[in-house]
Novice: 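There's a structure below that I have some questions on.
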Amino acid sequence: MSLNLEQINEELKGKSPAEIIAWAVSFAKNPVITTNFRPYEVAILKAVTDVQKDIKVIWCDTGYNTVQTYKHAEEIIKKLNLNIHLYTPKQTASHRNVVLGVPSVEDPKHVLFTEQVKLEPFSRAMKEHQPDVWFTNLRKGQTAFRNSIDIVSQSKDGIVKVSPFYNWTDEELDTYLVEKDLPNEFTYFDPTKVESNRECGLHI
């Protein structure tokens with residue numbers, strides 16, 4: 001699909017997340033949301049399922065989530081009645097801990113680790129579902145790369161990526177979660193990033 005991203009983003013700039021989502025759903029043939037249940041993910045899950053209740057929610061679980069994240073995920077899945085499609089690495093975390101461990105970012109093995117726990121499950125999910133629209137909770141100010149995109153962007157495979165909360169701050173999201181009576185959880189660990197301002201590799 002060929003889109004005039006500059007024009008679209010200009011038109012969507014003042015719109016609410018619900019309006020942005022409705023715009024995307026109006027032409028999407030096979031939309032998905034991806035999630036890892038990190039902090040503030042519940043906002044996008046609530047906003048999108050309010051517009052399209054049965055949308056496929058792809059959860060790529062690295063296998064290294066905290067107990068709190070798993071409990072949070074279960075609570076949200078139940079509360080929002082999410083249509084979850086779970087993808088996990090082909091090797092268990094216990095097995096990988098023996099043969100590879102969790103390499104530091106400087107370690108050459110970190111590339112292989114990221115491929116195994118994040119990129120391979122994600123690309124398997126995308127291949128199986130073949131979405132044309134991908135809802136994600138990317139926001140401005142998270143990483144240098146994310147500052148360079150906008151509400152609507154296009155992945156290298158042509159999937160239309162929609163980030164309805166792109167211009168929102170943490171404070172605005174806090175208010176949204178209170179208004180919607182939604183829980184948040186901050187005890188989150190991403191073994192591929194270590195530092196919160198690093199790009200995770202799925203969006204580049």
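Source: prediction; values computed, not measured.
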Novice: If you define the side chain from C-beta out and look only at heavy atoms, does anything of Gln52 sit under 4.5 Å from Phe135?
Specialist: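 Side-chain contact under 4.5 Å: no.
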Novice: Given Met126, which partner from the list Pro131, Pro121, Cys60 fulfils the side chain to side chain contact (heavy atoms under 4.5 Å, CB included) test?
Specialist: Pro131
Novice: Looking only at heavy atoms, what is the nearest atom pair of Pro31 and Asp132, with distance?
Specialist: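 Nearest heavy atoms, Pro31 then Asp132: N-OD1, 3.7 Å.
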Novice: In terms of side-chain heavy atoms, does Asn83 have a donor or acceptor partner in Lys53 at a distance below 3.5 Å?
Specialist: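 Judged by distance alone, the side chains do not pair up.
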Novice: Once you measure the plane-to-plane angle for Phe27 and Trp23, does it fall in the parallel (<30°), tilted (30-60°) or perpendicular (>60°) bin?
Specialist: perpendicular
Novice: Flag the pair Ile58 / His129 as yes when at least one side-chain heavy-atom distance between them is below 4.5 Å, and no otherwise.
Specialist: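 Result yes, sub-4.5 Å side-chain heavy-atom pair found.
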Novice: Does any part of the side chain of Lys79, heavy atoms only, come nearer than 4.5 Å to the side chain of Leu182, both counted from C-beta?
Specialist: yes
Novice: Check ring-ring contact (aromatic ring centres under 6.0 Å, His included) between His95 and all other residues, then give those that pass, not counting sequence neighbours.
Specialist: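 Partners of His95 by the ring-ring contact (aromatic ring centres under 6.0 Å, His included) criterion come out as none, since no residue qualifies.
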Novice: Does the side chain of Thr66 reach to within under 4.5 Å of the side chain of Tyr188, using non-hydrogen atoms?
Specialist: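 No, side chains not in contact.
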Novice: Looking at Glu74 and Lys78, is there a salt bridge between them, counting it only when a charged N and a carboxylate O are closer than 4.0 Å?
Specialist: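 Not counted as a salt bridge, because no side-chain N and carboxylate O are separated by less than 4.0 Å.
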Novice: Taking side chain to side chain contact (heavy atoms under 4.5 Å, CB included) as the definition, give me every residue that meets it alongside Thr35, ordered by chain and number, with sequence neighbours left out.
Specialist: Phe37, Glu41, Leu45, Val57, Trp59
Novice: Under a 3.5 Å distance rule, please check whether Glu128 uses its side chain to pair with a backbone N or O of Ala125 as donor and acceptor.
Specialist: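 Judged by distance alone, no pair lies under 3.5 Å.
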Novice: If you measure only the distance, is there a donor-acceptor pair under 3.5 Å linking the side chains of Tyr40 and Asp174?
Specialist: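 Yes, a side-chain donor-acceptor pair sits under 3.5 Å.
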Novice: Using only atom types and a distance under 3.5 Å, with no angle test, would you say the side chain of Arg96 pairs donor to acceptor with the backbone of Gln91?
Specialist: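 A pair under 3.5 Å: yes.
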Novice: Side chains of Asn97 and Val102, heavy atoms from C-beta outward: is any pair under 4.5 Å?
Specialist: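 Asn97 vs Val102: side chains touch.
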Novice: Does Lys118 reach the side chain of Asp190, with side-chain heavy atoms less than 4.5 Å apart?
Specialist: yes
Novice: With a cut-off of 6.0 Å (strictly less than), are more than 12 heavy atoms of other residues, nucleotides or ligands near NZ of Lys71?
Specialist: no
Novice: State, yes or no, whether a side-chain contact exists between Leu100 and Gln116 at a heavy-atom distance under 4.5 Å.
Specialist: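 A side-chain contact under 4.5 Å exists here.
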